[in-house]
Student: 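One structure, as structure tokens, below. Some questions next.
Since this is a predicted model, take the numbers as computed values, not measurements.
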Amino acid sequence: MSRQHTRTALVVGGGIGGPIAAMALARAGIEATVHEAYSSTADGVGGALSLAPNGLDALDAIGVGDAVRRIGTPMTGIVLENWKRRPLATFGSIPGIPPQQFLWRGELYRVLHDAAEQRGITITHGRRLVDAEETGDGVVARFADGTTAEADVLIGADGIRSTVRRLIDPQAPQPTRHPLLGFGGRLPDTGLPSTGGRMHMSFGRRAFFGWMVDADGSGGWFVNLPYDEPMTAAEATARGAAHWLPLLRAAVAGDRTPAAQLLDRLDPADLVMTGSMESMTRVPHWSRGRLVITGDAAHAPSSSSGQGASLTAESAVQLARCLRDLPHQEAFAAYETLRRARVERIIKAAARTNSDKAAGPVGRVVRDALMPLAMRLMKPEKQAWQFSHHIDWQAPVR
């Protein structure tokens, strides 16, 4: 194959997906620059997340998997309970597949940015994309500050409210908001014993609560609070911890979980407010001309999937492979073929989990009665397709 169909790329979005995409492109021999809308970095921003073994496999393909493992805690299982602490189901690591990693978004952000900068990748801030114009042999990006940038292709890694997605298709759907608000917190001392590498998750009477405690007593927790009013993270944050903490305490009152204790130990300044849980069910068009989207801009499962960051890493690596081996239009088509069915299957599965979290009184009784039976009938190997996904970087894309 000729070298090189695509030589340069503009990556729009400097969160998690942008640096991964730029590093994957660099490994494919494509010079990429990252343009981030916000004028400052996102160090320390965000709560906890899990990175699945398939996501780490994708990061291994570009040489950053071990750096990410160093900031994570292996999550060897998940225990689902009801509000009385009665176990409903227990999931361990699938035999032959490494455990997930529990980590903090702010630390993941810093590791990825440091790795990108060590590879000589330029990341600029304060560059909010407003338009993009294709030329005969490239694309020109126009930013709100009046500056422009040119490259062979433009890649939108700009999140669930992607500007690039709108430029590709002005009729593209908006994110689906689920009737759940997300909150979380990190504690240097939880006052609790270690959970032994297991994440405990409780279907409370009024909220879904999860927590994990490390061997040194530090840990993190999250709450999914049923809430009908749609709300962005900025809107939730604007109301402040003084507004939300009393609501959260009321939501977990009476549940036999450590939720109330962990909330009481939290410094209000450390409350993470992520707004309504959102997902992108199906985006009809992932590319147009020299523009393409990846990560949450193209496929955003809700956080219930535990696969958001992992799917972002997978797609970035697959897109880079395709651009390495094919002209951009063929590359974009091959990339979508490789990715669409897999990500939409995971998004669909996560939507079912969200409905369980927001169940009413009758739904809770039915769920608690049926879930143990359903879990006993479920064979763990049936879920291996999510976690065992491997990308062969060396294989040519046809």
Student: For a quick check under 3.5 Å, do Thr147 and Asp145 share a side-chain donor-acceptor pair by atom type?
Tutor: yes
Student: If we only count heavy atoms from C-beta on, is the Val292 to Val153 side-chain gap below 4.5 Å?
Tutor: no
Student: Give a yes-or-no answer on whether the side chains of His125 and Ser40 include a donor-acceptor pair shorter than 3.5 Å.
Tutor: no
Student: Do Thr41 and His113 have side-chain N/O donor and acceptor atoms under 3.5 Å apart?
Tutor: no
Student: Are more than 12 heavy atoms, taken from residues, nucleotides or ligands other than Glu31, located less than 6.0 Å from that residue's CD atom?
Tutor: no
Student: Looking only at side chains, do Asn54 and Glu314 share a donor and an acceptor under 3.5 Å apart?
Tutor: yes
Student: Answer with yes or no whether the hydrophobic clustering places Val252 together with Met277; edges join I, L, V, M, F, W, Y residues whose side-chain heavy atoms lie under 4.5 Å apart.
Tutor: no
Student: Tell me whether Leu245 shares a hydrophobic cluster with Leu180, the cluster being built from Ile, Leu, Val, Met, Phe, Trp, Tyr side chains joined at under 4.5 Å.
Tutor: no
Student: Got a salt bridge between Asp66 and Arg70, using NZ or NE/NH1/NH2 to carboxylate O under 4.0 Å?
Tutor: no
Student: Between Asp255 and Trp83, is there a donor-acceptor pair closer than 3.5 Å when you use the side chain of the first and the backbone of the second?
Tutor: no
Student: May I ask you to check whether over 12 heavy atoms, not counting those of Asp228, lie within 6.0 Å of atom CG?
Tutor: no
Student: Look at Glu134 together with Arg288 and state whether they make a salt bridge at an N to O cut-off of under 4.0 Å.
Tutor: yes
Student: Does this structure show an ion pair linking Arg142 with Glu133, if we count only N-O contacts that are shorter than 4.0 Å?
Tutor: yes
Student: Would Leu291 end up clustered with Val140 when hydrophobic side chains under 4.5 Å apart are linked, directly or stepwise?
Tutor: no
Student: Mind telling me whether Tyr227 and Trp244 have parallel, tilted or perpendicular rings, with 30° and 60° as the class edges?
Tutor: perpendicular
Student: Does Tyr38 have Arg127 sitting over its ring (NZ/CZ under 6.0 Å from centre, angle to axis within 45°)?
Tutor: no
Student: Tell me every residue that passes side-chain contact (heavy atoms from CB on, under 4.5 Å) with Pro188, counting only those two or more places apart in sequence or in another chain.
Tutor: none
Student: For Ala384, is there any backbone N or O sitting under 3.5 Å from a side-chain donor or acceptor partner on Ser388?
Tutor: yes
Student: So, Ser50 side chain and Phe102 main chain: donor-acceptor pair closer than 3.5 Å or not?
Tutor: no
Student: When you measure from the side chain of Arg321 to the backbone N and O of Ala316, does any donor-acceptor pair fall under 3.5 Å?
Tutor: no
Student: Judged by atom type as modelled, is there a donor-acceptor pair below 3.5 Å linking the side chain of Asn82 to the main-chain atoms of Arg86?
Tutor: yes
Student: Is the shortest distance from a Lys or Arg side-chain nitrogen in Arg105 or Asp43 to a carboxylate oxygen in the other one below 4.0 Å?
Tutor: no
Student: Going by distance alone, is a donor N or O of one side chain under 3.5 Å from an acceptor N or O of the other, for Glu81 and His200?
Tutor: yes
Student: Salt-bridged, Arg398 to Glu330, with N to O below 4.0 Å?
Tutor: no
Student: Under a 3.5 Å distance rule, please check whether Asp189 uses its side chain to pair with a backbone N or O of Gly191 as donor and acceptor.
Tutor: yes
Student: Can you tell me if Arg324 uses its side chain to pair, donor with acceptor, with the backbone of Gly29 under 3.5 Å?
Tutor: no
Student: How about Tyr335 and Trp286: are their ring centroids closer than 6.0 Å?
Tutor: yes
Student: Does either side chain, that of His285 or that of Ser287, offer a donor lying less than 3.5 Å from an acceptor on the other one?
Tutor: no
Student: Would you check if Ile346 and Leu311 make a side-chain contact, meaning some heavy-atom pair closer than 4.5 Å?
Tutor: yes
Student: Give a yes or no on whether a salt bridge exists between Arg186 and Asp270, defined as a side-chain N under 4.0 angstrom from a carboxylate O.
Tutor: no
Student: Run the numbers on His35 and Thr33 for side chain to side chain donor-acceptor pair (under 3.5 Å), then give the verdict.
Tutor: CA-CA 7 Å; His35 300 270; Thr33 57; 3.2 Å; yes
Student: If two hydrophobic side chains count as joined below 4.5 Å and joins carry through other members, does Leu59 share a cluster with Leu338?
Tutor: no
Student: Without swapping roles, check the side chain of Ser276 against the backbone of Arg177 for a donor-acceptor pair under 3.5 Å.
Tutor: no
Student: Answer yes or no: is there an ion pair linking Arg290 with Asp152, defined by an N-O contact shorter than 4.0 Å?
Tutor: no
Student: Quick one: does Ile347's side chain get under 4.5 Å of Met280's, heavy atoms only?
Tutor: no
Student: Are Ile16 and Val45 joined in one hydrophobic group, where the rule is that I, L, V, M, F, W and Y side chains link up if heavy atoms are under 4.5 Å apart?
Tutor: no
Student: Do Glu229 and Arg239 meet the salt-bridge criterion of a basic N to acidic O distance under 4.0 Å?
Tutor: yes
Student: Is any side-chain heavy atom of Gln101 closer than 4.5 Å to one of Pro74?
Tutor: yes
Student: Looking at Arg340 and Glu344, is any side-chain nitrogen of the basic one under 4.0 Å from a carboxylate oxygen of the acidic one?
Tutor: yes
Student: So Phe332 and His328, would you call those rings parallel, tilted or perpendicular, with 30° and 60° as cut-offs?
Tutor: perpendicular
Student: Is there a side-chain contact between Gln307 and Phe387 (heavy atoms, below 4.5 Å)?
Tutor: yes
Student: Compare all side-chain heavy atoms of Trp211 with those of Thr257 and state whether any distance is below 4.5 angstrom.
Tutor: yes
Student: Between Arg165 and Asp158, is the closest basic N to carboxylate O distance under 4.0 Å?
Tutor: no
Student: Any side-chain heavy atom of Thr294 within less than 4.5 Å of one from Thr312?
Tutor: no
